[in-house]
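So the structure is just underneath, and the comments pick up after that.
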Amino acid sequence: MKMNWLADELASIKDKGLYRRLSTIESAQTPRIIKDGRELILLSSNNYLGLTTHPKVKKAALEAIENYGTGAGGSRLTTGNTELYNSLEERIAKFKGAEDALVFSTGYMANTGTISSLMKNGDLILSDELNHASIIDGCRMSRAEVMVYPHKDVSSIETALRKSKHLGKLIVTDGIFSMDGDIAALQEIVELAKKYDAMVMVDDAHATGVLGKHCGGTSDYFNVNVDINMGTLSKALASMGGYVAGSSELIDYLRNRARPFIYSTALPPPAVAAAKAAIDIIEIENPAKKLWQNIAIYKKGLAGMGFTVKSETQIIPLMTGETGNTIKAASELERLGVFAQGIRPPTVPEGKGRIRTSLMATHTELDIKEALSAISIIKEKYRL
Ligand SMILES: Cc1ncc(COP(=O)(O)O)c(C=O)c1O
């Protein structure tokens, strides 16, 4: 009786075409996967550099299991900390050019924990309308006033900062936007923050390992400093977890105040070791070079078919519009041998459904050619 409403709610989600099912892959996150017994080209993975199956990353994870076991056994502040975690944090700080870094169990927790512990009642957060859900949730948890500004609209940030009488001010933005693949206007944001004494936080979930001269992310790309450099270990870094890099004082504060860090078990040792090995590979082997070559080949192919590609990066959405059209186009693409996720509300606004395609450094030219030929088939039929 008490839970009858669940069935009604589920029926309503289904009516709107917004019901979500888990897709199950029967292989590793490689450019060709096995799903429902069929080989498909994977064109939607966040394993951008293909490092989840890199021999050195797998070896590091296996050695960590040998040395430390499979689980951490406690939170970092209790019994869960080992030299492995300290060395990953040192490695991240160096990679990001920061004084220190702190690792959380997920990127989601890094965002919610950081924003909610830094910002409080009486403060102002300025957040891009296309920021990731974990930023939105961190803002909600903070009790600060939140102003959501139109996508990349720096003039509305300035208007809000000029009027603001708040104690603390934070501008927070994705580095690479996760559903559109464009890059934040970070240079302008940093200048405004200086002028109006605000902090800047960048979520480099999709930019770490990919963007910038040293693959250090958006601040590396624009050669600017930000106060709070957040990212995940779960995408190009081939593992699991989130991090924040910044001043020693910031990291010390988060270690003492960020509840998702304090009250959750540390990451399993193999995940920590894998991320550290991935950073080494990024610096030594530069796999991002191949990723950018693949992006250029793919974009050229799409442009040749008449697509207007606005994305600046490895995330390239093919706009499908309404929910019904999105579902049909994505499932036909899968029937044609390409697996890429159809994205519907609430992840994207109503009417802005899309197939979110993304490139990997390990895609071959043949993978990309075959994917493009499948896309050309669905393009006309579903008005892409
Ligand atoms: C922009 C952005 N921030 C944060 C996250 C959360 O990271 P994680 O998957 O490590 O929790 C994601 C992941 O989907 C993301 O796309």
Side-chain angles (χ1 to χ4, degrees), residues 20 22-23 29 44-49 51-52 88 92 96 101-116 125 127-141 148 151-152 170-184 186 189 200-211 217-219 221 226 228-245 254 258-261 264-268 270-272 274-276 278-279 311-317 340-341 343-344 346-348 354 356-360:
R20 296 173 191 239
L22 291 170
S23 296
Q29 287 280 305
S44 204
S45 177
N46 296 330
N47 179 22
Y48 301 125
L49 300 176
L51 297 183
T52 60
L88 174 62
I92 292 171
K96 300 294 282 188
L102 187 67
V103 168
F104 291 72
S105 296
T106 64
Y108 185 96
M109 290 159 82
N111 270 337
T112 52
T114 302
I115 298 171
S116 66
I125 306 175
S127 174
D128 191 289
E129 66 177 335
L130 297 189
N131 276 345
H132 188 258
S134 52
I135 295 179
I136 297 171
D137 292 357
C139 292
R140 287 177 183 159
M141 287 159 74
V148 177
H151 185 45
K152 289 174 66 170
L170 172 72
I171 310 168
V172 57
T173 181
D174 279 15
I176 292 178
F177 286 88
S178 56
M179 293 297 146
D180 293 78
D182 55 343
I183 303 172
L186 196 59
I189 287 177
V200 177
M201 174 167 174
V202 176
D203 174 341
D204 260 349
H206 300 275
T208 301
V210 169
L211 203 60
T218 316
S219 50
Y221 180 71
V226 298
I228 306 153
N229 226 318
M230 174 273 165
T232 73
L233 311 177
S234 59
K235 304 187 193 307
L237 299 190
S239 183
M240 176 77 203
Y243 68 82
V244 173
L254 293 177
R259 292 169 67 86
F261 172 78
S264 192
T265 298
L267 279 172
V272 180
K276 201 172 152 218
I279 298 175
S311 160
E312 299 165 84
T313 64
Q314 76 280 14
I315 299 166
I316 301 171
Q341 208 66 51
I343 309 285
R344 299 163 283 169
T347 307
V348 291
R354 65 201 65 185
R356 178 191 183 273
T357 66
S358 60
L359 274 297
M360 294 162 77

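Just so you know, ligand 1 is whichever comes first in the structure, and atom 1 is the first atom listed for that ligand.
- What sits closest to atom 3 (N) of ligand 1 on the protein, heavy atoms only, is D203 OD2, 2.5 Å.
- Among all non-hydrogen protein atoms, the one lying nearest atom 7 (O) of ligand 1 is T232 CG2, 3.1 Å.
- Atoms of ligand 1 found under 4.0 Å from any heavy atom of S178, numbered from 1 in the order shown, are 16 (O).
- For K235, every heavy-atom contact with ligand 1 shorter than 4.0 Å involves the side chain, none the backbone.
- Close contacts of ligand 1 with S134, meaning ligand atoms under 4.0 Å from a residue heavy atom, involve 3 (N), 4 (C).
- The backbone N or O of T265 lies less than 3.5 Å from a partner atom in the side chain of S105, making a donor-acceptor pair.
- Close approach of ligand 1 to H206 is summarised as follows: ligand atoms under 4.0 Å from at least one heavy atom of the residue are 1 (C), 15 (C), 16 (O).
- At least one donor-acceptor pair closer than 3.5 Å links the side chain of E129 to the backbone N or O of H151.
- For ligand 1, the atoms closer than 4.0 angstrom to any heavy atom of S234 are 8 (P), 9 (O), 10 (O).
- Taking the side chain to side chain contact (heavy atoms under 4.5 Å, CB included) definition, one finds that M240 meets it with T106, L267, A271, sequence neighbours left out.
- For atom 8 (P) of ligand 1, the choice among G138, G107, S105 with the nearest heavy atom turns out to be G107.
- Put simply, CG on L237 and OH on Y243 are 6.5 Å apart, with the number rounded to the nearest 0.5 Å.
- Atom OG of S116 and atom CZ of R259 lie 8.5 Å apart (nearest 0.5 Å).
- N131 contributes a side-chain N or O that, together with a main-chain N or O of D174, makes up a donor-acceptor pair within less than 3.5 Å.
- Q29 places no side-chain N or O within donor-acceptor distance of the main-chain N or O of N47, the cut-off being under 3.5 Å.
- Side-chain N or O atoms of S358 include none that pairs as donor or acceptor with a backbone N or O of Q314 at under 3.5 Å.
- The shortest N or O to N or O distance between A205 and ligand 1 is not below 3.5 Å.
- With a 4.0 Å heavy-atom cut-off, ligand 1 is reached by no atom of M240.
- Of the protein's non-hydrogen atoms, H132 CD2, 3.3 Å is the one closest to atom 15 (C) of ligand 1.
- Nearest heavy atom pair, residue F261 against residue L254, reads CD2-O, 4.4 Å.
- Remark: ligand 1 and D174 share no N or O pair separated by less than 3.5 Å (distance only, no angle test).
- Given atom 6 (C) of ligand 1, the protein heavy atom at minimum distance is Y108 N, 3.5 Å.
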